[in-house]
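Just so it is clear: chains get the letters A, B, ... in the order the sequence lines come, proteins before strands, and each one is counted from 1. Please read all numbers here as calculations on a predicted model, not as lab measurements.
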2 protein chains.
Amino acid sequence: MIKLLLAEDQGMMRGALALLLDLEEDMEVVAQVPAGDQIVDAALAARPDVALLDIELPGRSGLDAAADLRDRLPSCKVLIVTTFGRPGYLRRAMEAGASGFLVKDGPVEDLAAAVRRVLAGERVIDPGLAAAALSAGPNPLTPRERDVLTAAVDGATVADIAGKLHLSQATVRNYLSAAIGKTGTRNRMEAVRAARRNGWL
Amino acid sequence: MIKLLLAEDQGMMRGALALLLDLEEDMEVVAQVPAGDQIVDAALAARPDVALLDIELPGRSGLDAAADLRDRLPSCKVLIVTTFGRPGYLRRAMEAGASGFLVKDGPVEDLAAAVRRVLAGERVIDPGLAAAALSAGPNPLTPRERDVLTAAVDGATVADIAGKLHLSQATVRNYLSAAIGKTGTRNRMEAVRAARRNGWL
DNA sequence: CAGGCACCATGACATTTGTCAGGGGTGATC
DNA sequence: GATCACCCCTGACAAATGTCATGGTGCCTG
(Lines give C-alpha, C1' and ligand atoms only; values in the text may rest on other atoms or scores of the structure.)
Protein backbone atom coordinates (compact mmCIF):
# COMPACT_ATOMS: atom_id res chain seq x y z
CA MET A 1 0.00 0.00 0.00
CA ILE A 2 1.42 3.37 -1.00
CA LYS A 3 0.94 5.91 1.76
CA LEU A 4 0.38 9.49 0.62
CA LEU A 5 0.47 12.94 2.17
CA LEU A 6 -1.49 15.69 0.51
CA ALA A 7 -0.72 19.38 1.06
CA GLU A 8 -3.11 21.72 -0.72
CA ASP A 9 -4.87 24.82 0.51
CA GLN A 10 -8.00 24.76 -1.60
CA GLY A 11 -10.43 22.60 0.31
CA MET A 12 -12.34 21.40 -2.70
CA MET A 13 -9.23 20.46 -4.61
CA ARG A 14 -7.74 18.74 -1.60
CA GLY A 15 -10.85 16.75 -0.90
CA ALA A 16 -11.36 15.75 -4.50
CA LEU A 17 -7.79 14.62 -4.97
CA ALA A 18 -7.78 12.70 -1.71
CA LEU A 19 -10.95 10.90 -2.67
CA LEU A 20 -9.60 10.17 -6.07
CA LEU A 21 -6.31 8.77 -4.88
CA ASP A 22 -8.03 6.71 -2.24
CA LEU A 23 -9.98 5.06 -5.02
CA GLU A 24 -6.76 3.58 -6.37
CA GLU A 25 -6.48 0.13 -4.89
CA ASP A 26 -2.81 0.41 -4.01
CA MET A 27 -2.92 3.91 -2.54
CA GLU A 28 -4.02 5.46 0.69
CA VAL A 29 -4.02 9.09 1.76
CA VAL A 30 -2.69 9.02 5.30
CA ALA A 31 -2.48 12.78 5.88
CA GLN A 32 -4.03 15.92 4.51
CA VAL A 33 -2.88 19.42 5.41
CA PRO A 34 -4.08 22.82 4.23
CA ALA A 35 -0.97 24.81 5.20
CA GLY A 36 2.73 24.67 4.50
CA ASP A 37 3.84 24.83 8.10
CA GLN A 38 1.96 21.64 8.93
CA ILE A 39 3.64 19.49 6.31
CA VAL A 40 6.71 18.35 8.19
CA ASP A 41 4.87 17.55 11.42
CA ALA A 42 2.18 15.63 9.61
CA ALA A 43 4.75 13.72 7.60
CA LEU A 44 6.74 12.73 10.67
CA ALA A 45 3.56 11.46 12.30
CA ALA A 46 2.07 9.64 9.32
CA ARG A 47 5.29 8.58 7.57
CA PRO A 48 4.01 8.65 3.98
CA ASP A 49 5.89 7.16 1.04
CA VAL A 50 5.13 10.09 -1.22
CA ALA A 51 4.23 13.69 -0.37
CA LEU A 52 2.16 15.64 -2.88
CA LEU A 53 2.89 19.30 -2.21
CA ASP A 54 1.42 22.47 -3.60
CA ILE A 55 3.85 25.40 -3.68
CA GLU A 56 1.84 28.46 -2.84
CA LEU A 57 0.48 27.59 0.56
CA PRO A 58 -0.39 29.65 3.61
CA GLY A 59 2.20 29.62 6.35
CA ARG A 60 5.11 28.24 4.40
CA SER A 61 6.07 27.47 0.84
CA GLY A 62 5.81 23.87 -0.26
CA LEU A 63 9.32 24.19 -1.64
CA ASP A 64 10.78 25.04 1.75
CA ALA A 65 8.88 22.19 3.29
CA ALA A 66 10.24 19.86 0.60
CA ALA A 67 13.82 20.75 1.47
CA ASP A 68 13.05 20.09 5.11
CA LEU A 69 11.41 16.78 4.34
CA ARG A 70 14.45 15.57 2.50
CA ASP A 71 16.47 15.94 5.70
CA ARG A 72 13.96 14.87 8.27
CA LEU A 73 12.24 12.03 6.39
CA PRO A 74 14.49 10.95 3.52
CA SER A 75 12.41 7.88 2.80
CA CYS A 76 9.60 10.11 1.63
CA LYS A 77 9.61 11.10 -2.04
CA VAL A 78 8.33 14.58 -2.88
CA LEU A 79 6.05 15.30 -5.80
CA ILE A 80 5.30 18.97 -6.38
CA VAL A 81 1.80 19.60 -7.72
CA THR A 82 1.21 23.21 -8.57
CA THR A 83 -1.00 25.56 -10.54
CA PHE A 84 1.85 27.55 -11.95
CA GLY A 85 4.50 26.02 -14.13
CA ARG A 86 7.01 28.74 -13.43
CA PRO A 87 10.54 27.91 -14.54
CA GLY A 88 12.07 29.12 -11.30
CA TYR A 89 9.74 26.94 -9.28
CA LEU A 90 10.85 23.84 -11.14
CA ARG A 91 14.46 24.75 -10.60
CA ARG A 92 13.96 25.35 -6.91
CA ALA A 93 11.96 22.16 -6.60
CA MET A 94 14.82 20.16 -8.04
CA GLU A 95 17.28 21.88 -5.73
CA ALA A 96 15.01 21.05 -2.81
CA GLY A 97 15.25 17.39 -3.74
CA ALA A 98 11.83 16.87 -5.27
CA SER A 99 11.40 13.80 -7.43
CA GLY A 100 8.67 15.18 -9.62
CA PHE A 101 6.96 18.34 -10.76
CA LEU A 102 3.42 18.31 -12.06
CA VAL A 103 1.16 21.15 -13.13
CA LYS A 104 -2.50 21.00 -12.28
CA ASP A 105 -3.44 21.61 -15.88
CA GLY A 106 -2.95 18.05 -17.00
CA PRO A 107 -5.47 15.21 -16.73
CA VAL A 108 -6.08 13.63 -13.32
CA GLU A 109 -4.90 10.26 -14.52
CA ASP A 110 -1.38 11.70 -14.61
CA LEU A 111 -1.40 12.04 -10.88
CA ALA A 112 -1.58 8.42 -9.81
CA ALA A 113 0.76 7.52 -12.65
CA ALA A 114 3.27 10.09 -11.47
CA VAL A 115 3.11 8.77 -7.93
CA ARG A 116 3.97 5.29 -9.12
CA ARG A 117 6.78 6.48 -11.33
CA VAL A 118 8.27 8.59 -8.57
CA LEU A 119 8.13 5.67 -6.21
CA ALA A 120 9.90 3.55 -8.81
CA GLY A 121 12.79 5.98 -8.65
CA GLU A 122 11.98 7.90 -11.79
CA ARG A 123 11.93 11.65 -12.11
CA VAL A 124 8.65 13.02 -13.39
CA ILE A 125 8.84 16.38 -15.09
CA ASP A 126 6.78 18.07 -17.74
CA PRO A 127 9.11 18.14 -20.76
CA GLY A 128 7.93 21.51 -22.05
CA LEU A 129 8.42 23.02 -18.65
CA ALA A 130 11.89 21.60 -18.34
CA ALA A 131 12.84 23.31 -21.57
CA ALA A 132 11.41 26.60 -20.37
CA ALA A 133 13.31 26.31 -17.13
CA LEU A 134 16.56 25.83 -18.96
CA SER A 135 16.01 28.62 -21.44
CA ALA A 136 14.98 31.04 -18.70
CA GLY A 137 18.29 30.50 -16.96
CA PRO A 138 18.86 30.77 -13.25
CA ASN A 139 17.47 33.50 -11.04
CA PRO A 140 19.50 36.63 -11.82
CA LEU A 141 18.26 38.56 -8.81
CA THR A 142 20.38 38.92 -5.72
CA PRO A 143 18.69 38.13 -2.39
CA ARG A 144 18.36 41.78 -1.56
CA GLU A 145 16.85 42.59 -4.92
CA ARG A 146 14.32 39.86 -4.28
CA ASP A 147 13.49 41.30 -0.89
CA VAL A 148 12.86 44.73 -2.31
CA LEU A 149 10.82 43.39 -5.18
CA THR A 150 8.65 41.21 -2.95
CA ALA A 151 8.08 44.18 -0.69
CA ALA A 152 6.89 46.09 -3.74
CA VAL A 153 4.31 43.59 -4.98
CA ASP A 154 1.30 45.14 -3.36
CA GLY A 155 1.96 48.68 -4.46
CA ALA A 156 4.12 49.86 -1.59
CA THR A 157 5.95 53.14 -2.14
CA VAL A 158 9.71 53.51 -1.89
CA ALA A 159 9.26 54.97 1.58
CA ASP A 160 7.21 51.95 2.67
CA ILE A 161 9.82 49.51 1.42
CA ALA A 162 12.69 51.47 2.92
CA GLY A 163 10.90 51.45 6.26
CA LYS A 164 10.11 47.77 6.18
CA LEU A 165 13.62 46.69 5.20
CA HIS A 166 15.46 49.38 7.16
CA LEU A 167 17.14 50.79 4.10
CA SER A 168 17.55 54.27 2.78
CA GLN A 169 15.14 55.32 0.08
CA ALA A 170 17.95 55.83 -2.39
CA THR A 171 19.13 52.29 -1.81
CA VAL A 172 15.68 50.92 -2.41
CA ARG A 173 15.46 52.82 -5.66
CA ASN A 174 18.77 51.37 -6.70
CA TYR A 175 17.69 47.81 -6.05
CA LEU A 176 14.48 48.40 -7.89
CA SER A 177 16.38 49.89 -10.77
CA ALA A 178 18.68 46.90 -10.82
CA ALA A 179 15.75 44.50 -10.79
CA ILE A 180 14.06 46.39 -13.58
CA GLY A 181 17.24 46.19 -15.58
CA LYS A 182 17.77 42.48 -14.99
CA THR A 183 14.20 41.59 -15.82
CA GLY A 184 14.34 43.68 -18.95
CA THR A 185 11.26 45.64 -17.97
CA ARG A 186 10.31 49.28 -17.80
CA ASN A 187 9.07 49.80 -14.29
CA ARG A 188 8.45 48.27 -10.92
CA MET A 189 5.14 46.72 -11.79
CA GLU A 190 6.44 44.97 -14.88
CA ALA A 191 9.49 43.82 -12.98
CA VAL A 192 7.32 42.29 -10.28
CA ARG A 193 5.20 40.50 -12.85
CA ALA A 194 8.18 39.24 -14.79
CA ALA A 195 9.89 37.98 -11.65
CA ARG A 196 6.71 36.26 -10.55
CA ARG A 197 6.13 34.65 -13.92
CA ASN A 198 9.58 33.15 -13.76
CA GLY A 199 9.22 32.00 -10.19
CA TRP A 200 11.98 34.25 -8.96
CA LEU A 201 10.19 35.51 -5.91
CA MET B 1 -30.81 11.67 -12.96
CA ILE B 2 -29.40 15.17 -12.57
CA LYS B 3 -27.45 16.18 -15.64
CA LEU B 4 -24.46 18.45 -15.01
CA LEU B 5 -22.20 20.68 -17.05
CA LEU B 6 -18.76 21.46 -15.69
CA ALA B 7 -16.75 24.49 -16.83
CA GLU B 8 -13.31 24.70 -15.28
CA ASP B 9 -9.96 25.44 -16.85
CA GLN B 10 -7.67 23.50 -14.56
CA GLY B 11 -7.59 20.00 -15.99
CA MET B 12 -6.87 18.26 -12.72
CA MET B 13 -9.61 20.09 -10.88
CA ARG B 14 -12.06 19.49 -13.68
CA GLY B 15 -11.30 15.80 -13.90
CA ALA B 16 -11.41 15.29 -10.17
CA LEU B 17 -14.71 17.07 -9.75
CA ALA B 18 -16.26 15.27 -12.68
CA LEU B 19 -15.23 11.93 -11.29
CA LEU B 20 -16.49 12.87 -7.90
CA LEU B 21 -19.89 14.05 -9.07
CA ASP B 22 -20.28 11.01 -11.27
CA LEU B 23 -19.89 8.90 -8.18
CA GLU B 24 -23.12 10.34 -6.82
CA GLU B 25 -25.85 7.93 -7.80
CA ASP B 26 -28.30 10.55 -8.94
CA MET B 27 -25.85 12.69 -10.90
CA GLU B 28 -24.18 12.52 -14.24
CA VAL B 29 -21.68 14.90 -15.82
CA VAL B 30 -22.90 15.26 -19.40
CA ALA B 31 -20.46 17.95 -20.53
CA GLN B 32 -17.03 19.25 -19.52
CA VAL B 33 -15.46 22.36 -20.99
CA PRO B 34 -12.15 24.05 -20.27
CA ALA B 35 -13.01 27.48 -21.71
CA GLY B 36 -15.69 30.10 -21.21
CA ASP B 37 -16.57 30.44 -24.86
CA GLN B 38 -17.53 26.79 -25.08
CA ILE B 39 -20.08 26.86 -22.29
CA VAL B 40 -23.19 27.94 -24.17
CA ASP B 41 -22.65 25.63 -27.13
CA ALA B 42 -21.97 22.66 -24.90
CA ALA B 43 -25.01 23.43 -22.78
CA LEU B 44 -27.30 23.69 -25.78
CA ALA B 45 -26.04 20.36 -27.01
CA ALA B 46 -26.10 18.46 -23.72
CA ARG B 47 -29.00 20.28 -22.04
CA PRO B 48 -27.84 19.93 -18.42
CA ASP B 49 -30.03 20.64 -15.41
CA VAL B 50 -27.29 22.47 -13.57
CA ALA B 51 -24.17 24.22 -14.89
CA LEU B 52 -21.18 24.49 -12.57
CA LEU B 53 -19.17 27.45 -13.81
CA ASP B 54 -15.81 28.83 -12.81
CA ILE B 55 -15.48 32.59 -13.31
CA GLU B 56 -11.95 33.18 -14.47
CA LEU B 57 -11.80 31.12 -17.63
CA PRO B 58 -9.92 31.51 -20.88
CA GLY B 59 -11.95 32.90 -23.73
CA ARG B 60 -14.84 34.28 -21.79
CA SER B 61 -15.86 34.94 -18.21
CA GLY B 62 -18.14 32.41 -16.60
CA LEU B 63 -20.31 35.32 -15.47
CA ASP B 64 -20.95 36.44 -19.03
CA ALA B 65 -21.72 32.87 -20.02
CA ALA B 66 -24.14 32.62 -17.11
CA ALA B 67 -26.11 35.62 -18.33
CA ASP B 68 -26.25 34.09 -21.77
CA LEU B 69 -27.37 30.74 -20.43
CA ARG B 70 -30.29 32.31 -18.61
CA ASP B 71 -31.64 33.53 -21.96
CA ARG B 72 -30.78 30.60 -24.19
CA LEU B 73 -31.44 27.72 -21.82
CA PRO B 74 -33.62 28.97 -18.95
CA SER B 75 -34.25 25.45 -17.66
CA CYS B 76 -30.61 25.22 -16.64
CA LYS B 77 -29.69 26.46 -13.18
CA VAL B 78 -26.31 28.10 -12.78
CA LEU B 79 -24.01 27.44 -9.86
CA ILE B 80 -20.86 29.54 -9.79
CA VAL B 81 -17.86 27.70 -8.34
CA THR B 82 -14.84 29.92 -8.02
CA THR B 83 -11.52 30.29 -6.28
CA PHE B 84 -12.04 33.90 -5.36
CA GLY B 85 -14.89 35.01 -3.16
CA ARG B 86 -14.78 38.57 -4.37
CA PRO B 87 -17.80 40.63 -3.35
CA GLY B 88 -18.22 42.10 -6.83
CA TYR B 89 -18.21 38.64 -8.37
CA LEU B 90 -21.07 37.54 -6.17
CA ARG B 91 -23.03 40.63 -7.03
CA ARG B 92 -22.46 40.15 -10.74
CA ALA B 93 -23.31 36.48 -10.47
CA MET B 94 -26.66 37.31 -8.93
CA GLU B 95 -27.34 39.90 -11.60
CA ALA B 96 -26.48 37.30 -14.22
CA GLY B 97 -29.18 35.06 -12.79
CA ALA B 98 -27.02 32.52 -10.98
CA SER B 99 -28.74 30.38 -8.38
CA GLY B 100 -25.70 29.73 -6.26
CA PHE B 101 -22.21 30.91 -5.50
CA LEU B 102 -19.63 28.58 -3.99
CA VAL B 103 -15.97 29.12 -3.19
CA LYS B 104 -13.53 26.32 -3.80
CA ASP B 105 -12.22 26.61 -0.27
CA GLY B 106 -15.00 24.63 1.31
CA PRO B 107 -15.21 20.86 1.63
CA VAL B 108 -16.10 18.84 -1.48
CA GLU B 109 -19.23 17.50 0.14
CA ASP B 110 -20.71 20.98 -0.19
CA LEU B 111 -20.69 20.66 -3.93
CA ALA B 112 -23.19 17.86 -4.43
CA ALA B 113 -25.29 19.30 -1.65
CA ALA B 114 -25.33 22.67 -3.33
CA VAL B 115 -26.37 21.12 -6.64
CA ARG B 116 -29.35 19.49 -5.00
CA ARG B 117 -30.38 22.61 -3.15
CA VAL B 118 -30.11 24.72 -6.28
CA LEU B 119 -32.23 22.25 -8.17
CA ALA B 120 -34.81 22.40 -5.40
CA GLY B 121 -35.15 26.10 -6.10
CA GLU B 122 -33.02 27.33 -3.23
CA ARG B 123 -30.33 29.96 -3.47
CA VAL B 124 -26.97 28.78 -2.22
CA ILE B 125 -24.65 31.52 -1.03
CA ASP B 126 -21.85 31.63 1.47
CA PRO B 127 -23.27 33.77 4.29
CA GLY B 128 -19.99 35.47 5.14
CA LEU B 129 -19.47 36.35 1.54
CA ALA B 130 -22.95 37.78 1.21
CA ALA B 131 -22.24 40.10 4.10
CA ALA B 132 -18.97 41.20 2.52
CA ALA B 133 -20.72 41.87 -0.76
CA LEU B 134 -23.26 44.08 0.93
CA SER B 135 -20.76 45.97 3.04
CA ALA B 136 -18.49 46.55 0.05
CA GLY B 137 -21.33 48.24 -1.82
CA PRO B 138 -21.72 48.34 -5.55
CA ASN B 139 -18.93 48.99 -8.01
CA PRO B 140 -18.10 52.69 -7.76
CA LEU B 141 -16.01 52.77 -10.90
CA THR B 142 -17.39 54.11 -14.16
CA PRO B 143 -16.95 51.94 -17.26
CA ARG B 144 -14.16 54.12 -18.51
CA GLU B 145 -12.35 54.03 -15.20
CA ARG B 146 -12.56 50.25 -15.33
CA ASP B 147 -11.12 50.24 -18.84
CA VAL B 148 -8.18 52.36 -17.84
CA LEU B 149 -7.55 50.35 -14.72
CA THR B 150 -7.69 47.01 -16.52
CA ALA B 151 -5.29 48.38 -19.09
CA ALA B 152 -2.94 49.23 -16.25
CA VAL B 153 -2.84 45.83 -14.57
CA ASP B 154 0.29 44.55 -16.21
CA GLY B 155 2.39 47.62 -15.59
CA ALA B 156 1.58 49.62 -18.70
CA THR B 157 2.65 53.24 -18.65
CA VAL B 158 0.26 56.14 -19.17
CA ALA B 159 1.44 56.38 -22.77
CA ASP B 160 0.67 52.69 -23.36
CA ILE B 161 -2.81 53.01 -21.97
CA ALA B 162 -3.51 56.20 -23.87
CA GLY B 163 -2.43 54.49 -27.07
CA LYS B 164 -4.48 51.40 -26.48
CA LEU B 165 -7.66 53.26 -25.57
CA HIS B 166 -7.12 56.17 -27.98
CA LEU B 167 -7.17 58.75 -25.23
CA SER B 168 -4.92 61.63 -24.36
CA GLN B 169 -2.34 60.98 -21.69
CA ALA B 170 -3.81 63.65 -19.46
CA THR B 171 -7.20 61.97 -19.65
CA VAL B 172 -5.73 58.65 -18.68
CA ARG B 173 -4.07 60.23 -15.71
CA ASN B 174 -7.36 61.74 -14.68
CA TYR B 175 -9.19 58.42 -14.82
CA LEU B 176 -6.42 56.77 -12.87
CA SER B 177 -6.53 59.53 -10.31
CA ALA B 178 -10.30 59.11 -10.00
CA ALA B 179 -9.94 55.35 -9.59
CA ILE B 180 -7.27 55.83 -6.95
CA GLY B 181 -9.55 58.21 -5.13
CA LYS B 182 -12.58 55.94 -5.27
CA THR B 183 -10.67 52.89 -4.14
CA GLY B 184 -9.11 54.84 -1.31
CA THR B 185 -5.61 53.88 -2.34
CA ARG B 186 -2.35 55.70 -2.91
CA ASN B 187 -1.30 54.72 -6.40
CA ARG B 188 -2.14 52.78 -9.51
CA MET B 189 -0.86 49.49 -8.27
CA GLU B 190 -2.84 49.59 -5.05
CA ALA B 191 -5.91 50.72 -6.96
CA VAL B 192 -5.62 47.76 -9.32
CA ARG B 193 -5.26 45.37 -6.42
CA ALA B 194 -8.16 46.86 -4.51
CA ALA B 195 -10.42 46.79 -7.54
CA ARG B 196 -9.44 43.19 -8.22
CA ARG B 197 -10.00 42.12 -4.65
CA ASN B 198 -13.51 43.49 -4.81
CA GLY B 199 -14.24 41.95 -8.17
CA TRP B 200 -14.67 45.33 -9.84
CA LEU B 201 -12.69 44.53 -12.93
C1' DC C 1 46.38 39.13 -1.69
C1' DA C 2 43.83 40.82 -5.42
C1' DG C 3 39.64 40.80 -7.85
C1' DG C 4 34.97 40.15 -7.97
C1' DC C 5 30.56 40.33 -6.04
C1' DA C 6 26.95 41.45 -3.08
C1' DC C 7 25.77 44.93 0.02
C1' DC C 8 24.57 49.79 1.63
C1' DA C 9 24.65 54.43 0.88
C1' DT C 10 24.74 59.56 -1.51
C1' DG C 11 23.47 63.13 -4.59
C1' DA C 12 21.92 64.87 -8.89
C1' DC C 13 19.06 64.39 -12.76
C1' DA C 14 15.23 63.41 -16.09
C1' DT C 15 11.01 61.23 -16.37
C1' DT C 16 6.74 59.57 -14.85
C1' DT C 17 2.95 59.83 -11.99
C1' DG C 18 -0.74 61.80 -9.29
C1' DT C 19 -3.49 66.03 -8.32
C1' DC C 20 -6.16 70.01 -9.14
C1' DA C 21 -8.71 73.40 -11.55
C1' DG C 22 -10.58 74.29 -15.25
C1' DG C 23 -13.40 73.76 -20.17
C1' DG C 24 -16.45 71.56 -23.36
C1' DG C 25 -19.82 67.67 -25.03
C1' DT C 26 -23.49 64.07 -24.49
C1' DG C 27 -27.64 61.75 -22.76
C1' DA C 28 -30.89 60.73 -18.99
C1' DT C 29 -33.97 62.48 -15.49
C1' DC C 30 -36.63 65.45 -12.87
C1' DG D 1 -35.10 73.47 -19.44
C1' DA D 2 -32.18 72.75 -15.52
C1' DT D 3 -29.42 69.28 -13.29
C1' DC D 4 -26.57 65.58 -13.04
C1' DA D 5 -23.41 61.96 -14.31
C1' DC D 6 -20.33 60.53 -17.41
C1' DC D 7 -17.20 61.44 -21.09
C1' DC D 8 -12.92 63.76 -23.15
C1' DC D 9 -9.68 67.19 -23.16
C1' DT D 10 -6.03 70.96 -21.49
C1' DG D 11 -2.40 72.92 -18.60
C1' DA D 12 0.27 73.42 -14.49
C1' DC D 13 2.31 71.75 -10.38
C1' DA D 14 4.14 68.70 -6.71
C1' DA D 15 5.55 64.26 -5.63
C1' DA D 16 7.23 59.81 -6.68
C1' DT D 17 9.98 57.04 -9.59
C1' DG D 18 13.89 55.46 -12.37
C1' DT D 19 18.82 56.24 -13.83
C1' DC D 20 23.72 57.15 -13.24
C1' DA D 21 27.99 57.99 -11.26
C1' DT D 22 30.45 57.15 -7.18
C1' DG D 23 32.25 55.40 -2.84
C1' DG D 24 32.70 52.48 1.14
C1' DT D 25 32.16 47.81 3.47
C1' DG D 26 32.66 42.93 3.90
C1' DC D 27 33.25 38.11 2.09
C1' DC D 28 34.71 34.56 -0.84
C1' DT D 29 37.80 32.59 -4.30
C1' DG D 30 41.35 31.97 -7.43
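No option in A:Val124, A:Thr82, A:Leu79 other than A:Thr82 meets the side chain to side chain contact (heavy atoms under 4.5 Å, CB included) test with A:Phe101.
Remark: A:Arg47 CZ is loosely packed, at most 12 non-hydrogen atoms of other residues, nucleotides or ligands lying under 6.0 Å away. The local environment of CZ in B:Arg70 is crowded, with over 12 non-hydrogen atoms from other residues, nucleotides or ligands closer than 6.0 Å. Crowding of B:Arg60 atom CZ: a count of heavy atoms from other residues, nucleotides or ligands under 6.0 Å exceeding 12.
Candidate nucleotides D:dC9, D:dG18, C:dG18 were compared by shortest atom distance to the side chain of B:Leu167, and D:dC9 ranks first.
Side-chain N/O atoms of A:Thr171 include none lying less than 4.0 angstrom from OP1 or OP2 on C:dT10.
Shown for residues 183-201 of chain B: residues whose heavy atoms fall under 4.0 angstrom of DNA chain C, namely B:Asn187, B:Arg188. Using a 4.0 Å cut-off on heavy atoms, the residues of residues 139-162 of chain A that approach DNA chain D are A:Thr157, A:Val158, listed by number.
A salt bridge links A:Glu56 to A:Arg86: one of the charged nitrogens lies within less than 4.0 Å of a carboxylate oxygen. By the 4.0 Å N-to-carboxylate-O rule, A:Arg14 lies too far from A:Asp54 to be salt-bridged with it. No salt bridge links B:Glu190 with B:Arg197; every basic N to acidic carboxylate O contact stays at or beyond 4.0 Å. Residues A:Glu24 and A:Arg116 are paired through a salt bridge, judged by an N-O separation under 4.0 Å between the basic side chain and the carboxylate.
Residues A:Leu149 and A:Leu201 have side chains in contact (heavy-atom distance under 4.5 Å, counting atoms from C-beta outward). A 4.5 Å side-chain heavy-atom check between A:Leu52 and A:Leu17 finds every atom pair outside the cut-off.
As a whole-Å value, the separation of B:Arg173 CZ from D:dA16 C1' is 13 Å. As a whole-Å value, the separation of B:Lys182 NZ from C:dG18 P is 17 Å. In this structure, A:Tyr175 atom OH and C:dA6 atom P are separated by 10 Å, rounded to whole Å. One interatomic measurement links the two molecules: CD of A:Gln169 to C1' of C:dC8, which rounds to 15 Å at whole-angstrom precision.
Taking A:Glu28 as the reference, nothing meets the salt bridge (charged side-chain N to carboxylate O under 4.0 Å, His left out) condition, with sequence neighbours excluded. B:Glu109 meets the salt bridge (charged side-chain N to carboxylate O under 4.0 Å, His left out) test with no other residue; sequence neighbours excluded.
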ask   = Where along nucleotides 20-30 of chain C does protein come under 4.0 Å, by heavy atom, of base (B) or sugar-phosphate alone (S), with - for untouched nucleotides?
value = BB---------
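Rounded to 10 degrees, the angle between the two end axes of the helix from C:dC1-D:dG30 to C:dC30-D:dG1 is 30°, with five pairs used at each end.
A:Asp160 and A:Thr157 share a donor-acceptor pair across their side chains, judged by distance under 3.5 Å alone.
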